[in-house]
Each structure stands twice: as C-alpha cells, then as structure tokens.
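Presented below is the structure to which this report refers.
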Amino acid sequence: MADPLVTLAALLQPAFDAVAGRSGVDPVVRPSDRADAQANGALALAKELGRSPRDVAEAVVAEVRRRGDVRGTLEVAGPGFVNIVVDGSFLADEVARVAADDRLGVRPAARARKVIVDYSAPNVAKEMHVGHLRSTVIGDALVRMFEFVGHQVIRENHIGDWGTPFGMLIEHLIDLGEDEAAEHLSLGDLDGFYKEARAKFDASDDFKERARARVVALQSGDAETRRLWQLLVQLSTEYFNLVYSLLDVRLTDADIMGESAYNDGLSAVLDRLGALGLLTESDGAEVVFPPGYTNRDGDPLPLIVQKGKGGFNYATSDLACVIDRVERIGSDLILYVVGAPQAQHLSMVFDVARLAGWLPEGTDAVHVSFGSVLGSDRKMLKSRSGETPKLVELLEEAIARAGEAVAEKNPELADDAKAAIARMLGIGAVKYADLSTDRVRDYVFDWERMLSFDGNTAPYLQYAHARICSIFRRAGIDRSSLRAVVPQIVEKEERALALAVLGFDSAVADTLERYSPHRLCTYLYELATAFTGFYEHCPVLKADGEVRESRLALCDLTARVLERGLDLLGIGAPEQM
RNA sequence: GCGCUCGUAGCUCAAUGGAUAGAGCAUUUGACUACGGAUCAAAAGGUUAGGGGUUCGAGUCCCUUCGAGCGCGCCA
C-alpha cells in the first residue's frame, strides 16, 4: 500500500459507500495535475443517485472529513472531481516505511501463480538476429518482475530444434566433418552453415535425397543420426548462451524446452482430439475447425494437426506443449512472448486447447505479442548490406558506441571499469529502447536516440543513479544508516520526489497486469525527472542537520528504486559512468 | 476478398473512460567557478487520419471510410 493512490482509494471507498447507500463503489482515484490525486467516483455515482455530481462530491468530502482518516485536504472542483492534497507528514511516513522495506513498497501478488514465460526461441543452426531481440528482452523483463512479486516463474526457451531442415543440416555436418563443423559453428557463423546446407540442397538432387533419408532416420530414432543432431543442438545452444550472456538475460540450458521435447506427446494430441470427436479429415489431413476462423474463400479455417502424409506439424507440437505445461507442470498462467504475426495461429491453438479441455477455467494462456524493429526508413531493420542484422553485431556495436562516450566523458576511469560501464550502458540502451515503447507497436531503432543522455533512455536513468551515488561518495556516509530516517517533505520538489518514489508499487503492478514493460520504463523516467527537479532546487550536501539527513535519505531511496527498477528490466545501474 | 494490429506535435514516443491530450529530440530564448553542465528553466509547436455513434464525459469503447503493416491448409 505504498502508493498514496492505492491508500487513498481504500480510505475513500467507505465514504463513497456511505453516500451511495451500498457497498463496492469505486472511488476512481487517479493521478492529477492539480493535486496529489483526484477522485472521480462522484460523477458516475451522481446518475445512479439522481443527484448532481457536485452534490455527491460534497457529500463524499463531508463524509471523509467526518471519518477523519485521510491525512490531507479535500476539495470539490469542476463538475464533481474531488481533489486531494496529502499532508507532507503523511508522505514522510510513507516514504520512511518504503525506505525500511527491502521490497521498496512493492506488494507481493495477492495469489502466487505458477507462471510459464515462453520467450526468445531461436532456431538451432541459425543466427540470432534482431527478430529475437524483442522476445528475449521483453520476456526476460517479465520474468524478473513476476519473480519479484512472488510468483513461481518457469522460463521456457522453445528453441527450433526439429523439423525437415535437420536432414540437410546433418548431411552438411557429415560432409564437413564434425571437427570442422564444430569450429564453424562455435565461431558463431551459424547462418553460413545453414546457407551452405541450403545451397547444396537446392543444387544437388543427390544431396536432397540424402537429406530426406536423414530426416526419416532422425524421426525414427536412429542412434547415430540422433547423436549428430544432438551435436548440432549443443553447438548452437553454446552459441545462444554467449548471446544471452552478452545481453545479460537469465536463460540457461536448464530452460531449454525445444520443439523436440514434445515429440512423445504428439500422437497423444491426435488420439485425444479424436476421442473428443474434434477431428475432421480434410484433403487427407487430420484437422480441427475451431469456430470463428475463415480462409480466403470464406470457408472454415482448419488447424492442421496431422499432415496428409502422416507427419505432425507445429500446431500439433504447440498443443502437446500446452498439455505439458498445464498437466505436467501445473502452470495456471502461460505467457507466449511471440511476435504479432503469429496471433492467429496462437489464437487457434488456444481455442482448440480450450475446446479439448486442456486449458481449464482459471488457467490462462496469453499471447504477449509485439511489433517489429524498424530502420529509419520505417521498414524492417536491415544492415548496410541489406541483410537482417546479427544480434551479436548489434550488441557489440552498442557497447562500442557506449565505450566511446564513456572514454570521452570520463577518461580517468580505469580500463576495466570503463569496459564494464560501456557494457551496462550499451546493452542497457538497446534493451531500454525496446522495452520503453508499447510492445504492440513497431519501433524505430535509432542509435543516437537510444544512447542519448536526454529523454526517456537508459543512459538518462543510469546517469540519475550515478549522480546520486556520487553524492554518497562525496558525503562518505553509510547509506544503510539512512533507512530509518523520516524525511521532511517541505519543498514542492521534495513532495514530487516523495510521490514519485511511492509510485513504484503501482508501476510494477500496472506493468504486470498488462504485461507491458514500457509502463515501468515510463515510471522510472518520471522518477528520474522528479529527482532531477529535486536535485536542482534542494541542495543536499550543502544543507545542514536534519534537512541534510532528510535529503540524503530521499537520495538513497531514489537510487534504490532506480537500481531495482532497472534491474527488473534487466538493465544494470553503474555507480559511476 | 476476409481477419488481426497500428494511425497522437516537424521527428520519436506517452496518456488504467475523466478537467486545459503530456514528454524527449529538433527549433527559439534564458541560467555557466557546477553536491557530476552527460544539467536545468522557459517559449513555440495538436481538428489525436476523416466521418458518425454510445456516455455526464471519448485519443481511449462501437460503426464506417481512408492509409500502413502482418496473417489467411498441410514451413515453424
């Protein structure tokens, strides 16, 4: 209950109930630019009661005053808004409570759920490119936040490790020799490997035939073929891990649940759908027709679960995956951090799973969809050579650009410190640029903007944090000693900062409610802006006695929220930069 | 053709159905021996793509037109 908005809503509700003569009236407490908060509930209530909105608002205010449990002043304004300005002492007490809390006022989830976050999902023997950036970064941020509020989180990396391309990839591996291929792949030239295999497949009927035979061998469980496949998977995941390490995301080998993991459940999907009477034979394929989908001709659109030639496809695998997550793992919230183009496919999979009873009431599957990364031409981001940029190259460029800035601005830093900071800034900038806009929209990738120290960027937030750390280096005092201080909230910048700090709880809650990390980003930016105003107008080290201690306490708490908030986004907060 | 998503300041983006639609960049004007100027303050910039509707109240919800992107049977 750190956020005054939440506290006020709870305090105002009984007054609204009393005026309405019933329970459960929403006071509609919202942020306000004319007060600390405004309650809009009277406008909606007026119609129900057949009274004028102002009249209702006045009655509510009178009732609140009678109860006397709101530490602040209320007044009716406009058509019937109730503006609330809380007392400085109230803010001070709330700030002190948050400062004493390791969780910084963030409430644990009302009920802990078992959450599966399905994200990243690169393909074996294929380069990770910008297309994987968003899923990886958004998914990882959500994982961190869900864990922080106390949910049990299971990360799942649904890598593409199965399917017909593996015939040609394994044959190419054999042609190269295992050592040669290992060298090739460990260098990170996954695309080169894939393209060579593809080129041979397209050019040679003989190779094509070998590849086809190899697919059959793979699917039938031939030991040697499986070993070679496993080698490809292993070499690829080692490479993915390098990228994850560079990106500072939490995925490990333990989180890998590739498509192949569901092979054993595929026939069960078919059997169970059949037993439920949901299967229809169509052009030799086994399909399900979930209601509400049509194709080009206006005919019902099927979800194909067994191809005409008897093979299974990704829909089957996705259904087996749902069964695994619900029935074996017992998850009650499954997040698919997957690009928007797959919306229809996932929607059909979810619908079929619901029809089959595999997603029972209370178990939610959510497509956390996101838009594309665009270049300055507003088209899909391409490198200078016109190819899809490799993720590692993008990240290395980010670090290099950040490194130049650090070297220029802070040349006296030791080289290893510079390198560490450059990494936090560069990677942070890329991640923040991705996280800070509404995920459903496309966003424009722009080096200059994301690395700028002005505006809603990672470097700006990191800079605000570093400035605070600088104050403490200079002050030479133990920050933890400040956490029992009840600050003095006097200046308007102190009020603004206190209110901002107290909003952390709601920011995290809002973010999780909509799976939208940009809400936390916006919050952190507003917090940093509030701090900057405070920093300009309220001298800290130059102040004396209790004022100095009070302001130091506000600095400490601000820095902690910034650091924690950035951490929840998967971004580091250096003490110097 | 059908479906989904998007359309907000010159640019990049915000805005759980609430008052006068907010930021940053760029532009213009101020503040420089500064607790980190990698800063701050101010000005200017809008028919929220167009049109209807619901509502006490719409950028937000519904309908429609236009524009953009992406999907639409055996690839994943």
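Labels below follow one simple rule: chain letters A, B, ... track the order of the sequence lines, proteins then strands, and each chain is numbered from 1. Predicted, not measured: the structure shown is a model, and the values here were computed from it.
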Quiz item: Do A:Tyr463 and A:Thr457 have a side chain donor and acceptor closer than 3.5 Å?
Solution: no

Quiz prompt | Distance, rounded to the nearest Å, where A:Asp442 contributes CG and B:C4 contributes C1' | solution = 13 Å

Self-check item: Base of B:A19 paired with side chain of A:Asn83 (donor-acceptor, under 3.5 Å)
Solution: yes

Quiz item: Taking OP1 and OP2 of B:G69, is either one under 4.0 Å from a side-chain nitrogen or oxygen of A:Lys379?
Solution: no

Quiz item: For A:Tyr525 and B:A23, are the ring centres under 5.5 Å apart with planes inclined under 30°?
Solution: no

Quiz item: Any Lys/Arg nitrogen of A:Arg198 or A:Asp202 sitting under 4.0 Å from an Asp/Glu carboxylate oxygen of the other?
Solution: yes

Quiz item: Taking atom C1' of B:G36 as reference, at what distance in whole Å does atom CD of A:Gln576 sit?
Solution: 10 Å

Quiz item: What is the distance from CZ of A:Arg212 to P of B:C75, rounded to the nearest Å?
Solution: 12 Å

Practice problem: Pick out which of A:Tyr262, A:Tyr119, A:Tyr336 makes a ring-ring contact (aromatic ring centres under 6.0 Å, His included) with A:His158. | Solution: A:Tyr262

Quiz prompt | Base orientation of B:G18, syn vs anti, 90° cut from 0 | solution = anti

Practice problem: Give a yes or no on whether a donor-acceptor pair under 3.5 Å exists between the nucleobase atoms of B:A19, that is its base, and the side chain of A:Gln38. | Solution: yes

Quiz item: Applying salt bridge (charged side-chain N to carboxylate O under 4.0 Å, His left out), which residue pairs with at least one partner in residues 539-556 of chain A are found, sequence neighbours left out?
Solution: A:Arg479-A:Asp556, A:Arg483-A:Asp556, A:Glu494-A:Arg551, A:Asp556-A:Arg560

Quiz prompt | N/O (side chain, A:Arg473) to phosphate O (OP1/OP2, B:C35) under 4.0 Å | solution = no

Self-check item: Interatomic distance where NE2 belongs to A:His367 and P belongs to B:C70 [whole Å]
Solution: 16 Å

Practice problem: Name the pairing partner of B:A43, where a pair is Watson-Crick or G-U wobble with both distances under 3.5 Å, or state none. | Solution: B:U27

